[in-house]
Amino acid sequence: MCQPLPPNVIQDGSFEAGSPNPYWQEFSTNFGTPLCTIPTCGSGSGSGPHSGEWWAWFGGIDILEQGYVRQNVTIPAGIAVLQYWLEIPVAASQGNDYLTVMIDNTPIVTYTIASQPQFQVYTFVQHDISQFANGAQHHVRFESTTYDHPKEITNFFIDDVELCSGAPTSVALARFEVQSAPVVSPAWLLVLALPAAVGGWLLRRRVR
Ligand SMILES: [Ca+2]
């Protein structure tokens with residue numbers, strides 16, 4: 001929820017309109033789309049969707065995979081905050097797999113295999129992108145490349161994307177300090193590591 005920030009301008013940020021999606025452009029080298037439900041994709045040793053039935057799953061296979069979802073939005077003048085939930089339930093032990101969040105051609109943040117411990121479970125992330133709050137149309141894109149590394153995969157999950165923008169309220173300004181992602185407690189890591197270890201390779205991989 002954007003409140004107390006200004007209203008959300010992203011359409012179908014939870015991806016519940018499914019695939020092909022009327023609001024997001026989708027691309028995936030191996031799967032046709034990053035958009036998934038558990039019946040069509042499995043859960044990748046993670047949560048699957050953060051809300052509803054659909055989410056965006058990047059990576060998920062041990063050969064080269066490139067994917068994106070993107071949407072054009074008008075970002076009203078004022079302030080703007082991009083927020084979403086990110087989970088990285090599994091990551092390869094080495095390599096350059098990444099997920100980047102882009103506005104136009106500007107990378108806002110890049111996640112790698114080194115980000116995995118911090119996002120073992122769905123974690124809320126916010127970015128101050130007020131430099132784009134100018135009343136013009138902008139391009140919001142989540143894009144990923146994961147590389148060929150036999151029997152190892154990286155899964156990046158995104159759901160519940162919002163772009164809260166417009167004239168700031170006094171309440172919004174008071175809370176406008178952008179949060180850093182909370183640290184995941186060791187207890188959660190242990191709970192999630194056990195089924196992943198038992199489940200083995202096939203359960204981690206995205207169903208084609
Ligand atoms: Ca969803």
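Side chains are part of it too, since the values below use all heavy atoms of this structure and drop only hydrogens, waters and symmetry mates. In each ligand, atom 1 is the first atom listed, and ligand 1 is the first ligand listed.
- For the 3.5 Å distance criterion, the side chains of Glu152 and Ser93 qualify, holding a donor opposite an acceptor.
- Within the 3.0 Å limit, Asp160 places no N, O or S atom next to the Ca ion (ligand 1).
- Among heteroatoms of the N, O or S kind in Glu16, OE2 lies nearest the Ca ion (ligand 1).
- Between Ile10 and Tyr84, the closest side-chain pair of non-hydrogen atoms is not below 4.5 Å.
- Proximity of a side-chain donor or acceptor of Glu26 to a complementary backbone N or O of Ser19 within less than 3.5 Å is not detected.
- With no hydrogens or angles considered, no side-chain donor-acceptor pair links Asp104 and Thr106 at under 3.5 Å.
- Seen from the Ca ion (ligand 1), atom O on Ser14 and atom O on Trp54 lie at an angle near 90° (rounded to 10 degrees).
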